[in-house]
Amino acid sequence: NVEPRSVPVFPWHSLVPFLAPTQSD
Amino acid sequence: PPTSTSPHSSPSSPSAGLPPFFMKGSIIQLADGELKRVEDLRTEDFVQSAEVSGELKIDSSTVERIECSRTPNAVIIQFSVGENKAQVCVEVLVEYPFFVFGQGWSSCCPDRTTQLLALSCAKLSVGDVCISLTLKSLK
């Protein structure tokens with residue numbers, strides 16, 4: 001039996017680098 | 001001196017040490033739940049997702065300098081980030097894609113990005129304004 005492989009879903013923020021230090025509002 | 005940092009990496013990368021989500025056809029979930037392929041993402045998808053998230057803030061990061069790295073197939077990119085123009089350096093592979101405002105995916109070597117990831121890219125150049133994120137601190 002071969003189970004169907006689920007397609008991975010990635011969160012949008014994975015694609016964007018964190019380039020700045022943490023800021024406060 | 002500029003702050004040095006590195007973008008994401010993943011041990012399960014399909015090729016050349018790049019994260020798997022940059023591969024053409026990868027499914028990306030926006031903050032409102034909508035699913036899109038990585039190659040179909042637009043600037044407003046990132047901006048709206050950051051607004052919805054509440055924890056993340058989109059910053060404009062301007063490419064100030066692109067230099068060769070001692071690491072093979074890598075470059076050091078210096079960004080000027082946000083309103084404070086904080087200087088940040090990242091060392092990435094030449095095929096690593098960044099999302100440029102109003103333009104889309106761009107890398108230092110678009111041909112290599114297309115070859116490895118099948119992701120269409122423009123050439124990343126000095127002056128390009130990339131999307132980056134800041135984590136808002138909790139009050």
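Below, each value reflects all heavy atoms present in this structure, side chains not excepted, and no hydrogens, waters or symmetry copies. Each chain gets a letter, A, B and so on, in the order the sequences are listed, and its residues count up from 1.
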For the hydrophobic clusters of this structure (ILVMFWY residues joined by side-chain heavy atoms under 4.5 Å, transitively), does one cluster hold both [X] and [Y]?
X	Y	answer
Ile76(B)	Leu93(B)	no
Val7(A)	Met23(B)	no
Leu133(B)	Val52(B)	no
Leu135(B)	Leu15(A)	yes

Is any side-chain heavy atom of Ser26(B) closer than 4.5 Å to one of Phe10(A)? yes
Do Asp59(B) and Leu19(A) have side chains that get closer than 4.5 Å, going by heavy atoms? no
Which members of residues 36-50 of chain B, sorted by number, sit under 4.5 angstrom from chain A on a heavy-atom basis? Val38(B), Leu41(B), Phe46(B), Ser49(B), Ala50(B)
Could you list which of residues 99-107 of chain B have a heavy atom closer than 4.5 Å to any heavy atom of chain A, in residue-number order? Trp105(B)
Nearest heavy-atom pair of Leu56(B) and Trp12(A): which atoms, and what distance? CD1-CZ2, 3.7 Å
Measure the CD1-NE2 distance between Ile28(B) and His13(A) for me, rounded to the nearest 0.5 Å. 10.5 Å
Side chain from CB out, backbone as N, CA, C, O: work out which of these in Ile131(B) comes under 4.5 Å of a heavy atom of chain A, or both, or neither. both
Going by atom type alone, with no hydrogens or angles, which donor-acceptor pairs under 3.5 Å involve a side-chain atom of residues 123-130 of chain B and a protein atom two or more places apart or on another chain?
residue	atom	partner	partner atom	Å
Lys123(B)	NZ	Cys108(B)	O	2.6
Asp128(B)	OD2	Ser125(B)	N	2.8

Which residue pairs satisfy the salt bridge (charged side-chain N to carboxylate O under 4.0 Å, His left out) criterion with at least one member in residues 64-82 of chain B, sequence neighbours excluded? Arg65(B)-Glu67(B)
Val9(A) portion near chain B, given a 4.5 angstrom heavy-atom threshold: both
